[in-house]
Amino acid sequence: MKLRQVKELIEKSGLDAFLVSSVSNVFYLTGFRSTHAYLVITPDSHHLLTDGRYYEKAKREVTQWDVRLIEGSAIKYIKSFLKDLGVQRVGYEKDKVSCEFRQALKTRGIKWVGLSGFLSYIRAIKSQEEISIMREGVKKSDSIYRKLLEFIKPGMTEMEIRAFIVQEIFKVGASGESFPTIVASGEHSAIPHWETSYYKIEAGKNLLVDMGLIWKGYCTDFTRTIFIGKADDEFKKVYQIVKDAHLFALEKARVGNTLGDVDKTARKYIEKKGYGKLFNHSTGHGVGIDIHEYPRVYYKGKDSKKTIEEGMVFTIEPGIYIPGRFGVRLENIVAIEKGIGQPLSEISLDLIEL
């Protein structure tokens, strides 16, 4: 199904072939992960090119593709291979390759056509199998978070908590973090992408944990904000606003609405409550093989007008960040199934005080 869609897209784009070079797109189309593999796809054929480090593995695992051994320079081999195929107009991933790579591809007789986001739309619509894999991954992430709540104690450093999460990620059989885990205590949580430090967490402050793992090649993404001790009234107020904004946005995550509708609903509610200037990022983003994929869930830009479709998977993660004080963010991955957004996590959005 995926490959057929790509071949149709190649023909529609007026190309004779397309060269796939990014790790994530090679994996998406073949299920094979390698740091040195390329796909050459034409309307009538599909080939995987890799070197001696991966060749035998590729032959065993990618049985539906013509697997070729790259000998010597990869660029020279690709050019020679394309000439043998007799293709003239060849597309490549303009947004995934370096300037040096683009320059090296130039060769007489071949017109190279750079395209950005060539597979973005296809990848945005997940199959039931992909959603099932992601749901499995989220279930494992949920189990780690439940253990984490029993582990956290005042006096621990943010990095100790991250280390616990990473250890548990490998214990559940995942491949690793889908991004560097964010553990942010107190005023650090007011910085949306805080880099986890050796700062000790304290009673009487909040703790924001943004974590994810890679399960069968797919990423999870999950954020909760808890309180160490008894939360004060101001924190409870802000927390409730973020929770309500999240739930209002979730109601808009359904087939027929736009991605902009999802973002605007959360954003307008937070603005109404007087915290609009303290919500300084998009409400969400697509997620799958990469932690950030098309589309962006935001009221600005071309993605804002994109109509939500069955099979889309994206995050909902509104937040409020009060400089020097604290930040609150609540994030779930949502899959559009049977027309509506279904959170993959089973963890409650209710405030937890430890």
Side-chain angles (χ1 to χ4, degrees), residues 1-10 17-42 45-70 74 77-78 91-98 101 115-138 140-141 169-170 172-180 212-221 285-295 311-315 333 335 344:
M1 175 68 173
K2 297 173 185 175
L3 188 55
R4 178 167 53 81
Q5 287 179 299
V6 174
K7 290 185 175 185
E8 289 173 356
L9 188 55
I10 289 170
F18 196 90
L19 173 67
V20 177
S21 57
S22 63
V23 172
S24 56
N25 280 337
V26 169
F27 177 79
Y28 176 72
L29 292 172
T30 67
F32 181 73
R33 189 171 290 278
S34 164
T35 58
H36 196 257
Y38 305 86
L39 305 180
V40 174
I41 306 169
T42 77
S45 64
H46 44 282
H47 316 270
L48 186 152
L49 320 177
T50 191
D51 66 18
R53 294 171 296 173
Y54 301 100
Y55 179 64
E56 293 299 329
K57 185 173 184 285
K59 283 201 303 181
R60 288 196 306 271
E61 295 182 3
V62 193
T63 57
Q64 303 302 312
W65 287 66
D66 170 40
V67 179
R68 301 292 182 102
L69 173 63
I70 294 175
Y77 186 90
I78 291 168
Y92 68 93
E93 299 170 286
K94 185 179 180 180
D95 53 335
K96 303 286 187 181
V97 302
S98 65
F101 186 83
L115 298 175
S116 298
F118 188 67
L119 299 183
S120 295
Y121 176 72
I122 294 174
R123 280 178 54 175
I125 309 300
K126 270 63 175 180
S127 66
Q128 277 301 311
E129 180 184 7
E130 288 178 292
I131 292 174
S132 293
I133 289 171
M134 295 186 73
R135 184 173 275 114
E136 288 174 10
V138 170
K140 291 180 179 293
S141 177
I169 283 172
F170 288 113
V172 300
S175 303
E177 297 174 286
S178 52
F179 58 92
L213 55 80
I214 302 172
W215 176 249
K216 297 182 180 178
Y218 285 78
C219 298
T220 70
D221 199 357
H285 56 85
V287 61
I289 294 170
D290 293 318
I291 191 62
H292 289 99
E293 295 189 351
Y294 168 84
M312 279 187 171
V313 178
F314 50 83
T315 66
I333 291 177
L344 299 189

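All heavy atoms count here, side chains included; hydrogens, waters and symmetry mates do not.
Under the 3.5 Å distance criterion, with hydrogens and angles disregarded, a donor-acceptor pair is assigned to the side chains of Ser24 and Asp290.
Proximity of Lys94 to Tyr92: side-chain heavy atoms (C-beta onward) are separated by under 4.5 Å at one or more points. Contact of the Leu119 side chain with the Tyr294 side chain is not registered, since no non-hydrogen atoms from C-beta on lie closer than 4.5 Å. A 4.5 Å side-chain heavy-atom check between Phe32 and Trp65 finds every atom pair outside the cut-off. Considering only heavy atoms from C-beta on, Leu115 stays 4.5 Å or farther from Glu93 through its side chain.
Taking each heavy atom of Cys219 and Ile291 in turn, the nearest pair found is SG-N, 3.7 Å. Pairing each heavy atom of Ser178 with each of Ile214, the nearest pair is CA-CG1, 3.7 Å. In plain terms, the two heavy atoms of Gly288 and Met134 that are nearest each other are CA-CE, 4.0 Å. In this structure, Phe170 and Ser175 approach most closely via the heavy-atom pair CE2-O, 3.4 Å. Here the closest non-hydrogen pair linking Tyr218 and Ile133 is CD1-CG2, 3.9 Å. Among all heavy-atom pairs drawn from Val23 and Ser34, the shortest one is CG2-O, 3.5 Å.
The OG1 atom of Thr30 sits 9.0 Å away from atom CD of Glu61, with the distance rounded to the nearest 0.5 Å. Rounding to the nearest 0.5 Å gives a distance of 6.5 Å between CD of Glu130 and CD1 of Ile289. Between atom CG of residue Leu48 and atom NZ of residue Lys59 there is a gap of 12.5 Å, rounded to the nearest 0.5 Å. In this structure, Lys126 NZ and Glu129 CD are separated by 13.5 Å, a value rounded to the nearest 0.5 Å. Atoms CG and CG, on Leu49 and Leu39 in that order, are 7.5 Å from each other to the nearest 0.5 Å. How far OH of Tyr38 is from CG of Asn25: 14.0 Å, rounded to the nearest 0.5 Å.
Taking 4.0 Å as the cut-off between side-chain N and carboxylate O, Glu136 and Lys140 do not count as a salt-bridged pair.
Under the 3.5 Å distance criterion, the side-chain polar atoms of His46 are matched with a main-chain donor or acceptor of Gln64. Between the side chain of Asp221 and the backbone N or O of Gly212 there is no donor-acceptor pair closer than 3.5 Å. Between the side chain of Lys2 and the backbone N or O of Tyr28 there is at least one donor-acceptor pair closer than 3.5 Å. Of the possible polar contacts, one joining the Ser132 side chain to the Gln128 backbone as a donor-acceptor pair under 3.5 Å is found. Side-chain atoms of Thr220 come within 3.5 Å of backbone N or O of Leu213 as a donor-acceptor pair.
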Check against salt bridge (charged side-chain N to carboxylate O under 4.0 Å, His left out), Glu56 and Arg60: CA-CA 6 Å; Glu56 293 299 329; Arg60 288 196 306 271; 5.2 Å; no

Full working for side chain to side chain contact (heavy atoms under 4.5 Å, CB included) between Tyr77 and Leu69: CA-CA 9 Å; Tyr77 186 90; Leu69 173 63; 5.9 Å; no

Side chain to side chain contact (heavy atoms under 4.5 Å, CB included) evaluation trace for Val313 with Ile333: CA-CA 7 Å; Val313 178; Ile333 291 177; 3.5 Å; yes

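Note on ring orientation: taking the six-membered ring where Trp is involved, the planes of Phe18 and Phe118 are parallel (angle under 30°, cut-offs 30° and 60°). Note on ring orientation: taking the six-membered ring where Trp is involved, the planes of His285 and His292 are tilted (angle from 30° to 60°).
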